[in-house]
Amino acid sequence: MTKISILGCGWLGLPLAKQLLEKGYSINGSTTSENKLSILEQSGINPFLVALESESVSETINDFLYKSEILIIDIPPKLRGNNADSGDSSRKIFVEKIENLIPFIEKSTIKKLLFVSSTSVYGDENGNITEETIPNPETESGKQLLLAEAILQKNQNYETTILRFGGLIGEDRHPVKFLAGKENLENPDAPVNLIHQDDCIQIIHEIINQSKWNEVFNAVAPFHPTREEYYTLKAKEQNLVLPKFSTEKSNVKKIVSSEKVENSLSYQFRLANY
């Protein structure tokens, strides 16, 4: 039985772990919350309390990686402004965390690594965005994700696949809830680039199942209404106060293509309830 370690059993990592268990994998799952250990255990996941810091890694990391062949890294940078984790804006805290993790991966049994990244690495590039598009991140989190990708990819001790998700949505998570009632929202004509939690999980499973390593994939649902159209519709459906967009038109026309996911993995996106 193949063992998979999932670093970060949060909003995506926990349901992912549960589904991989159902597919017959043995799962080690990490959390930074002691209260969540029992939740993991009750789900059949081997629970580990792992804190990945910029200067250290929990001693439990070796046990967490023990006898695992595949590592999935699903931890968000959690950056706001220049750098939320440090008063020193010149430091790359998230990148340092990844760098500290690598020596433990190198001496473990990990042979395959999947890094959950974001389409934010492309910035607000206009046009059709594919995996061949040269990344040009504008946010601090996008910049650090791109650096982390490169660090993981260049290591020859394991094979790395980078999975860049668009905006994450799910049954309990939808950006319209934060936009409802707000005014002067920017970029009314910008296309949305979203992906549902269910698609995220299924795509990760297909990458593992089909052994698609040393690859980069964009993962965004293949429908792109404008922000104004989409969020107005969703606010009406959920009986929320309609968001109001600025009358100033934007020239941002970024559409992230998932053709590689659809063709290489023979994957069909779920479109219901988006």
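Position 1 is the first residue of the sequence; numbering continues from there. Keep in mind it's a predicted model, so treat the numbers as computed, not measured.
In this structure a side-chain-to-backbone donor-acceptor pair under 3.5 Å is missing from Arg227 to Ala190. At distances below 3.5 Å, not a single donor-acceptor pair connects side-chain atoms of Ser257 with backbone N or O atoms of Ile129. A distance-only check finds no donor-acceptor pair linking the side chain of Asp189 to the backbone of Thr226 [under 3.5 Å]. Side chain of Asp199 to backbone of Phe269: no donor-acceptor contact under 3.5 angstrom is found. At distances below 3.5 Å, not a single donor-acceptor pair connects side-chain atoms of Ser58 with backbone N or O atoms of Thr60. Not one N or O on the side chain of His224 forms a donor-acceptor pair closer than 3.5 Å with the backbone of Pro191. Judged by distance alone, the side chain of Ser246 and the main-chain N or O of Glu186 form no donor-acceptor pair under 3.5 Å. Of the possible polar contacts, one joining the Lys182 side chain to the Phe178 backbone as a donor-acceptor pair under 3.5 Å is found. Using a distance-only test at 3.5 Å, with no hydrogens or angles considered, a donor-acceptor pair links the side chain of Ser108 to the main chain of Ile110. Under a 3.5 Å cut-off, the side chain of Ser118 and the backbone N or O of Ser120 do form a donor-acceptor pair.
Connection of Ile255 to Phe165 is not established within any shared hydrophobic cluster, with ILVMFWY side chains joined at heavy-atom distances below 4.5 Å, either directly or through further cluster members. By the criterion of side-chain heavy atoms lying less than 4.5 angstrom apart, applied directly or through intervening Ile, Leu, Val, Met, Phe, Trp or Tyr residues, Leu240 is grouped together with Ile169 in one hydrophobic cluster. Clustering ILVMFWY residues whenever any of their side-chain heavy atoms sit less than 4.5 angstrom apart, transitively, puts Ile208 in the very cluster that holds Tyr267. Two different hydrophobic clusters hold Leu37 and Phe64 under the rule that ILVMFWY side chains link at heavy-atom gaps under 4.5 Å. Linking ILVMFWY side-chain heavy atoms closer than 4.5 Å, directly or via other members, places Val176 and Leu185 in a single hydrophobic cluster.
Considering every non-hydrogen atom in both Gly10 and Lys36, the closest pair reads CA-NZ, 3.5 Å. Of all heavy-atom pairs spanning Thr31 and Ser33, the tightest one is OG1-N, 3.1 Å. For Ala219 against Leu163, the heavy-atom pair with the smallest separation is CB-CD1, 4.0 Å. Taking each heavy atom of Val220 and Ser258 in turn, the nearest pair found is N-OG, 2.6 Å. Closest approach of Val121 and Arg164 over heavy atoms only: CG2-NE, 3.6 Å. Listed here is the closest heavy atom pair of Gly24 and Met1: O-CG, 3.2 Å.
Distance check, rounded to the nearest 0.5 Å: CG of Leu146 to CG of Asn136 gives 9.5 Å. With rounding to the nearest 0.5 Å, the separation of NZ in Lys143 from OG in Ser141 is 10.0 Å. Expressed to the nearest 0.5 Å, how far CD1 of Ile6 lies from CD1 of Ile45 amounts to 7.0 Å. Separating the CG atom in Asn46 from the OG atom in Ser30 is a distance of 12.5 Å, to the nearest 0.5 Å. Atom CG of residue Leu113 and atom CD1 of residue Ile72 lie 9.0 Å apart, to the nearest 0.5 angstrom. With values rounded to the nearest 0.5 angstrom, Asp172 atom CG is found 11.5 Å from His174 atom NE2.
When side chains are defined from C-beta on, Ile207 counts as touching Leu265, because their heavy atoms get closer than 4.5 Å. Within the 4.5 Å cutoff, side-chain heavy atoms of Leu16 are placed close to those of Ile204. At least one side-chain heavy atom of Arg173 sits less than 4.5 Å from a side-chain heavy atom of Leu168. Looking only at side-chain heavy atoms (C-beta outward), Pro77 and Leu145 come within less than 4.5 Å of each other. Between Leu101 and Ile73, the closest side-chain pair of non-hydrogen atoms falls below 4.5 Å. Looking at heavy atoms from C-beta onward, Ile151 lies out of side-chain contact with Phe115 at the 4.5 angstrom threshold. Between Cys9 and Leu40, some side-chain heavy-atom pair lies under the 4.5 Å cut-off. The shortest distance between side-chain heavy atoms of Phe217 and Ser264 falls below 4.5 Å.
Taking a 6.0 Å sphere around NZ of Lys3, one finds it holds more than 12 heavy atoms contributed by other residues, nucleotides or ligands. The neighbour count for Glu41 CD, taken as heavy atoms of other residues, nucleotides or ligands under 6.0 Å away, does not exceed 12. Within 6.0 Å of atom CD in Gln268, 12 or fewer heavy atoms from other residues, nucleotides or ligands are found, so the atom counts as exposed in its surroundings. Within 6.0 Å of CD on Glu237 lie more than 12 heavy atoms contributed by other residues, nucleotides or ligands. By the neighbour-count criterion of 12 heavy atoms within 6.0 Å, atom NZ of Lys177 is densely surrounded, having more than that number from other residues, nucleotides or ligands. A 6.0 Å sphere centred on CD of Glu138 holds more than 12 heavy atoms belonging to other residues, nucleotides or ligands. Around atom CD of Glu106, more than 12 heavy atoms belonging to other residues, nucleotides or ligands sit under 6.0 Å away.
When only modelled atom types and interatomic distance are considered, Glu171 and Gln197 share no side-chain donor-acceptor pair under 3.5 Å. A donor-acceptor pair shorter than 3.5 Å cannot be found between the side chains of Tyr66 and Asn28. Side chains of Gln202 and Glu206: a donor-acceptor N/O pair is absent below 3.5 angstrom, by distance only. Checking Ser117 against Glu149 by side-chain atom types alone, a donor-acceptor pair falls below 3.5 Å. Under 3.5 Å, the side chains of Asn100 and Glu53 contain no donor-acceptor pair of N or O atoms.
Note that Lys111 lies outside the cation-pi zone of Tyr158, set by a 6.0 Å cut-off to the ring centre and a 45° limit from the axis.
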Evaluation steps, salt bridge (charged side-chain N to carboxylate O under 4.0 Å, His left out), between Lys112 and Glu159: CA-CA 5 Å; Lys112 319 286 185 185; Glu159 296 179 281; 2.3 Å; yes

Salt bridge (charged side-chain N to carboxylate O under 4.0 Å, His left out) assessment of Glu140 paired with Lys92: CA-CA 9 Å; Glu140 185 61 29; Lys92 302 295 183 183; 2.9 Å; yes

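Phe223 and His196 have their aromatic ring centers separated by at least 6.0 angstrom.
Below 30°, between 30° and 60°, or above 60°: for Tyr231 and Phe245 the angle between ring planes is below 30°, a parallel geometry.
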